[in-house]
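One structure below.
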Amino acid sequence: MNPIEIYTDGACKGNPGPGGWGVLLKHGATEKELFGGEPSTTNNRMEMMAVIQALSALKKPCDVTLYLDSQYVLKGITEWMPGWKAKGWRTASKQPVKNVDLWQQLDSLVQESGHRIDWRWVRGHNGDPGNERADALANQGVERALGR
């Protein structure tokens, strides 16, 4: 399987407010950048959308190292999701899972893609070049959502 590094980030001006997501994909010396946005959303939704768009961009199973600065997405995918699914997409307190549409989409992508994914948390705004680029792309997504 092709090794690929992915950096993702989300941004939101207000929460909720206009938001954007950004993705940097790296395979050897080749890089691809993706970004987009929505006029009214939340930061967590944009963090999730970045991961969804990144994984959706891969056309065949890959050996993925995925860097993200969102504890929400990281813990959701690696810790909380099995319990949510077992409880019919409800939390431990029996409340509906927030952003269930995106969680289900992400779950489907992870389960059906054939990718091997190594999820790695990085501290945001801390000088990591891949994370900084993903952040800049997410902010471009905000600008696009604002029509600029």
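Below, all heavy atoms of this structure are taken into account, side chains as well, without hydrogens, waters or symmetry copies. In this text, all values refer to a predicted model and were calculated from it rather than measured experimentally.
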Looking at [atom1] of [X] and [atom2] of [Y], how far apart are the two atoms once the value is rounded to the nearest 0.5 Å?
X    : Y    : atom1 : atom2 : value
S56  : K59  : OG    : NZ    : 7.5 Å
C62  : H27  : SG    : NE2   : 8.0 Å
K75  : W121 : NZ    : CH2   : 10.0 Å
T41  : M48  : OG1   : CE    : 10.5 Å
E47  : L102 : CD    : CG    : 12.0 Å
D135 : D128 : CG    : CG    : 11.0 Å

Hphob cluster co-occupancy, V110 + Y67, side-chain heavy atoms under 4.5 angstrom: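 V110 does not cluster with Y67.
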Cluster question for you: counting only ILVMFWY and a side-chain heavy-atom cut-off of under 4.5 Å, with indirect links fine, are V73 and V100 together?
->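 They do share one cluster, since a chain of ILVMFWY contacts under 4.5 Å joins V73 to V100.
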Is any side-chain heavy atom of [Y] closer than 4.5 Å to one of [X]?
X    : Y    : result
N126 : D69  : no
I52  : L109 : yes
L24  : E31  : yes
M49  : Q53  : yes
E33  : V23  : no
R120 : L66  : no
K94  : K87  : no

Distance-minimising heavy-atom pair for [X] and [Y]:
X    : Y    : answer
L55  : H115 : O-NE2, 3.9 Å
A145 : P39  : CB-N, 3.9 Å
L137 : F35  : O-CB, 3.3 Å
A50  : G22  : CB-O, 3.7 Å

Check: residues 1-19 side-chain donor-acceptor pairs under 3.5 Å, at least two apart:
unit_1 : atom_1 : unit_2 : atom_2 : d
K13    : NZ     : N139   : OD1    : 2.9
N15    : OD1    : N43    : N      : 2.9

Q. What's the verdict on side-chain contact (heavy atoms from CB on, under 4.5 Å) for L25 and L34, showing C-alpha distance, side-chain angles and the deciding distance?
A. CA-CA 8 Å; L25 301 114; L34 307 169; 3.7 Å; yes
| Counting only N and O atoms by type, is there a donor-acceptor contact under 3.5 Å from the side chain of S108 to the main-chain atoms of Q104? |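 Looks like no, no N/O pair under 3.5 Å.
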Taking only distance into account, with no hydrogens and no angle test, what donor-acceptor pairs under 3.5 Å do side-chain atoms of residues 76-86 form with protein atoms, sequence neighbours excluded?
unit_1 : atom_1 : unit_2 : atom_2 : d
T78    : OG1    : L74    : O      : 2.6
K85    : NZ     : D107   : OD1    : 3.2
K85    : NZ     : D107   : OD2    : 3.0

So, do Y72 and W103 have ring centers that fall under 6.0 Å from each other?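 Centroid distance Y72-W103: below 6.0 Å, so yes.
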### Task
Answer yes when D101 and R45 have at least one side-chain N-carboxylate O distance shorter than 4.0 Å, and no when they do not.
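Between R45 and D101 there is a salt bridge, with a charged N closer than 4.0 Å to a carboxylate O.
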